[in-house]
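I have placed the structure first, in the form of structure tokens, so that the comments after it can refer back to it.
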Amino acid sequence: DVKVTQSSRYLVKRTGEKVFLECVQDMDHENMFWYRQDPGLGLRLIYFSYDVKMKEKGDIPEGYSVSREKKERFSLILESASTNQTSMYLCASSDFWTGVAMGEQFFGPGTRLTVL
Amino acid sequence: RKEVEQDPGPFNVPEGATVAFNCTYSNSASQSFFWYRQDCRKEPKLLMSVYSSGNEDGRFTAQLNRASQYISLLIRDSKLSDSATYLCVARSGNTGKLIFGQGTTLQVKP
């Protein structure tokens with residue numbers, strides 16, 4: 001079974017803090033994604049990566065950066081957390097070929113981040 | 001306008017009912033479509049792909065109408081365990097990037 005794990009289920013940070021969210025997948029997937037999910041807005045793509053050291057902006061990259069130093073790990077960084085970044089953050093991975101064709105992304109359990 | 005739009009519901013139906021969800025998409029270049037299911041406080045999981053010819057998986061039937069740019073999901077003989085949020089999803093071009101609708105909530109009651 002594909003497993004995507006995220007470093008924390010719940011996180012509380014203060015405005016201005018630097019926040020790291022870690023995601024690890026164990027299926028050797030090329031593609032990895034970071035989303036945030038908010039009521040009424042659904043899942044919105046923040047950043048994604050097709051390969052190690054490669055990254056592309058999603059729909060809402062402002063205020064975020066990412067790092068992919070190893071294939072299995074994709075980190076989301078909030079350089080200076082703000083209250084409007086309070087949200088559920090979901091990481092996902094997919095196989096480059098079958099994932100593209102089949103539309104299947106495997107999600108982690110999510111990190112609920114609260115910025116005070 | 002959102003690229004993928006769904007009626008958020010909630011849809012409250014009795015067990016055994018048939019319920020249908022529709023979803024519209026605005027980008028005619030979207031290549032493929034899918035339905036994901038998300039249980040309360042859980043991550044989304046792929047339910048089924050959607051093909052122009054329509055496809056069925058047990059009690060679930062998905063249909064794509066490219067001319068009208070809408071996707072449907074039909075659930076027959078609803079079970080309590082079908083209670084969840086159903087996400088309509090479009091794949092953008094030839095990339096692995098997915099565009100998610102906000103989801104439609106279904107509550108099946110005894």
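In what follows, chains are A, B, ... by sequence order, proteins preceding strands, each numbered from 1.
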Completion exercise
Interatomic distance, CD1@B:I99 vs CG@A:L43, rounded to 0.5 Å, equals 11.0 Å

Exercise for the section: List the atom of B:K97, the atom of A:F33, and the distance in Å for their closest heavy-atom pair. Expected result: CA-CE2, 4.4 Å

Exercise for the section: For the residue pair A:Q105 and B:Y36, establish whether any side-chain heavy-atom pair is separated by less than 4.5 Å. Expected result: yes

Practice task
Answer with side chain, backbone, both or neither: which region of B:Q6 has an atom nearer than 4.5 Å to a non-hydrogen atom of chain A?
Solution key: neither

Practice task
Please answer: with hydrophobic residues joined when any side-chain heavy atoms are less than 4.5 Å apart, are A:L45 and A:Y50 in the same cluster?
Solution key: yes

Practice task
Decide yes or no for A:Y35 and B:L98: does some side-chain heavy atom of the first lie under 4.5 Å from some side-chain heavy atom of the second?
Solution key: yes

Exercise for the section: State whether the number of non-hydrogen atoms from other residues, nucleotides or ligands found under 6.0 Å of A:K71 atom NZ is greater than 12. Expected result: yes

Exercise for the section: Answer with side chain, backbone, both or neither: which region of B:P44 has an atom nearer than 4.5 Å to a non-hydrogen atom of chain A? Expected result: both

Handout entry: Pairwise distance CZ(A:F106) to CD(B:E43) - rounded to 0.5 angstrom
Key = 11.0 Å

Problem - Interface moiety of A:Q37 toward chain B, non-hydrogen atoms closer than 4.5 Å - result: side chain

Exercise for the section: Give the cluster check for A:Y64 versus A:F74: same hydrophobic cluster or not, with ILVMFWY residues linked at side-chain heavy-atom distances below 4.5 Å. Expected result: yes

Exercise for the section: Check step by step if side-chain contact (heavy atoms from CB on, under 4.5 Å) holds for B:F34 and A:E104. Expected result: CA-CA 9 Å; B:F34 312 91; A:E104 183 159 27; over 6 Å; no

Practice task
Would you kindly confirm whether B:L46 and B:L106 end up in one hydrophobic cluster when ILVMFWY residues are joined by side chain heavy atoms under 4.5 Å apart?
Solution key: no

Exercise for the section: Check whether A:L90 gets within reach of chain B through its side chain, its backbone, both or neither, counting any heavy atom under 4.5 Å. Expected result: side chain

Handout entry: In one Ile/Leu/Val/Met/Phe/Trp/Tyr side-chain cluster, 4.5 Å: B:F100, B:Y25
Key = no

Practice task
Answer yes or no: are there more than 12 heavy-atom neighbours, outside B:F60 itself, under 6.0 Å from its atom CZ?
Solution key: yes

Handout entry: Hydrophobic cluster identity match, B:Y86 and B:F33, side-chain contacts under 4.5 Å
Key = yes

Problem - Gap between atom CZ of A:F107 and atom CD of B:Q38 - 0.5 Å precision - result: 8.0 Å

Practice task
Report the distance from atom CZ of A:R44 to atom CD of B:Q102, rounding to the nearest 0.5 Å.
Solution key: 11.5 Å

Exercise for the section: Would you indicate whether B:K2, at its atom NZ, is surrounded by more than 12 heavy atoms from other residues, nucleotides or ligands within a distance under 6.0 Å? Expected result: yes

Completion exercise
Under 4.5 Å to a heavy atom of chain B? For A:D38 that would be neither

